[in-house]
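Chain A is the first sequence line, chain B the second, and so forth, proteins listed ahead of strands; every chain is numbered from 1.
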Amino acid sequence: MATTTPMGTPRTGETPASDAFEIVPVRHWGRWISAVAAVAALAGLVGSLAKNGNLHWDVVGHYLFAGLIFDGLATTLWLTVAAMTLGLVLGTLVAVMRLSDDPVLYGLSSLFVWLFRGTPLLVQIIFWGYAGALYQHVMVGIPFTGVTFFQADTNTLLTPAVAALLALGLNEAAYASEIVRAGIRSVDTGQTEAAHSLGMRPALTMRRIVLPQAMRVIIPPLGNETINMLKMTALVSVIAAHDLMSNIQDVYGQNYQVIPMLVVASLWYLALVSVLSVPQAWLERRYGRGTARGAAVSPLRRLCAGSLTALRSRTQKEAGR
Amino acid sequence: MNAPMVHAEGVRKHFGKLQVLKGIDLTVERGQVCCLLGPSGSGKSTFLRCINHLEKIDGGRLSVDGEPVGHRPQGTRLHELREREVAARRRDIGMVFQRFNLFPHMTALENVMEAPVKVAGAARDQARDEARALLDQVGLADREGHYPAELSGGQQQRVAIARALAMKPKLMLFDEPTSALDPELVGDVLDVMRRLADDGMTMVVVTHEIGFAREVGDLAVFMDEGVVVESGDPRRVLAAPEQERTRAFLSKVL
């Protein structure tokens, strides 16, 4: 039998109709085997932890929802939010200064980044915690005149919580400034030129045109920074700022249940970090507007997608028979 | 008020050691359409960008509507303008870029509304109505909610023209507006520009569209290696060029 294609070239041979073909998707046998192995290994690990008497699950259960722990959690949370806000606002300012033509602004901002990125965070936290030993009083006035507008004892002003906030916020500003700077530089210069040619001034151009586009590049690393910050707050336990870790240390300092208390801390840090990924995904979608990859798929869906499509194609095939 | 819209005398510009403009003399009267032609690297785009101060000139004089670009004359001195003053001058000069440069995070309508609302301080409702009218004028009334990435090159360029017109400029600058477009989309953009010219807009157009220059242009300026080689009525310059360099260029592009 001879058939003629629309191109006009005759084709010979027994060609079945196109819908008679069965499409066989690639079978990912390796994936199924590795999934079973991974689940078995994880189950074994969890089982051995559950049976381990040294873990004292009763202690974990007792302290997991204790009032002292919630007090610490509250401090950890507001410290994270406040330090990130301070870091981001100051960091954006530093980033804009570093991109400025003004040599004074550029010099000052570079010095700031150099100093706060170049010394360990732990050192900065202890430094702010003991700043009272450097200056006993804080005074605002006109030098050499004796005129004083404001005067206070450093230790009443710089409580452990304020010292922790300053240390974390200033350190974060140095890192955030580099992230924001990279984001700003990722925006095409044509955007700035277009804004300028419409009569927009540099500050307005930055706020309305450049920063919203830079956000797309800025948000993922900033999500990282936020998660990091949440965990970095544990360091302020060295100046007894009463965050989650400080309180955990207070407890195991008395009952010597170090491991169970660290499990309590880890569970809470993990829970908070998980919650934090939600706003990040939302922000990424918001600032992804107008780009092809704007509508992102949620990670959970992605995880399920592989096995689901495999199952679906199988059931469809069976239904077809 | 009788000053020409654009007046250049011996305009010079260099990038590092490379001299891009070697003394440009040019006058564009009100309502004229001036087409800048020439091979790439001849300095025509640089000169266009000097007109709205995206590039600073290094020598000579350049004025728009009687006012020196980037300077405020005071006695015998020219004071360099501050950013705020430069921005204020640019409001009256529309610019359309080769690569469109639409704001990708805003819809077509938001792109057109942005400057009237944020720069001119227009009321949002009024700006929206005017923006819609402008999009309608460039044939894109049904695309107002689309983001630039969802529009074709020709549509993006027409939105860019509407965006520039939203500030009610007295002068429009076009930097190779059709060079980044697929051939079948060029016509729509040129039609919009032709209508704009018919409405009496003063335009300076850097282009390789010889047909457009001949039909719409009032003045054709042929540039090469940073100088004006030949200028005048497009019908004469393009049909019977006097200079050998013009002839050589035209024989290549026609």
Looking at [X], I want to see if its [atom1] is surrounded by more than 12 non-hydrogen atoms of other residues, nucleotides or ligands under 6.0 Å.
| X | atom1 | result |
| --- | --- | --- |
| A:W78 | CH2 | yes |
| B:R61 | CZ | no |
| B:E83 | CD | no |

Would you mind checking which part of [X] comes under 4.5 Å of any heavy atom in chain A, side chain (CB onward), backbone (N, CA, C, O), both or neither?
| X | answer |
| --- | --- |
| B:A115 | side chain |
| B:P104 | both |
| B:R99 | neither |
| B:L173 | neither |
| B:L54 | side chain |
| B:F103 | both |

Among B:M106, B:R49, B:H105, residue most engaged with chain A (heavy-atom pairs, under 4.5 Å)
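Most heavy-atom pairs within the cutoff with chain A belong to B:H105.
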
Top contributor to chain A interface from B:R91, B:K118, B:H146 [non-hydrogen pairs under 4.5 Å]:
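Ranked by contacts with chain A, first place is B:K118.
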
Identify the residues of [range] whose heavy atoms come closer than 4.5 Å to a heavy atom of chain B, ordered by number, or report 'none'.
| range | answer |
| --- | --- |
| residues 168-179 of chain A | none |
| residues 191-211 of chain A | A:Q191, A:E193, A:A194, A:A195, A:H196, A:S197, A:L198, A:G199, A:M200, A:R201, A:P202, A:L204, A:R208, A:I209 |
| residues 217-234 of chain A | none |

Could you list the residues that satisfy salt bridge (Lys or Arg N to Asp or Glu O under 4.0 Å) with B:R163, not counting sequence neighbours?
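For B:R163, no residue satisfies salt bridge (Lys or Arg N to Asp or Glu O under 4.0 Å) once neighbours in sequence are set aside.
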
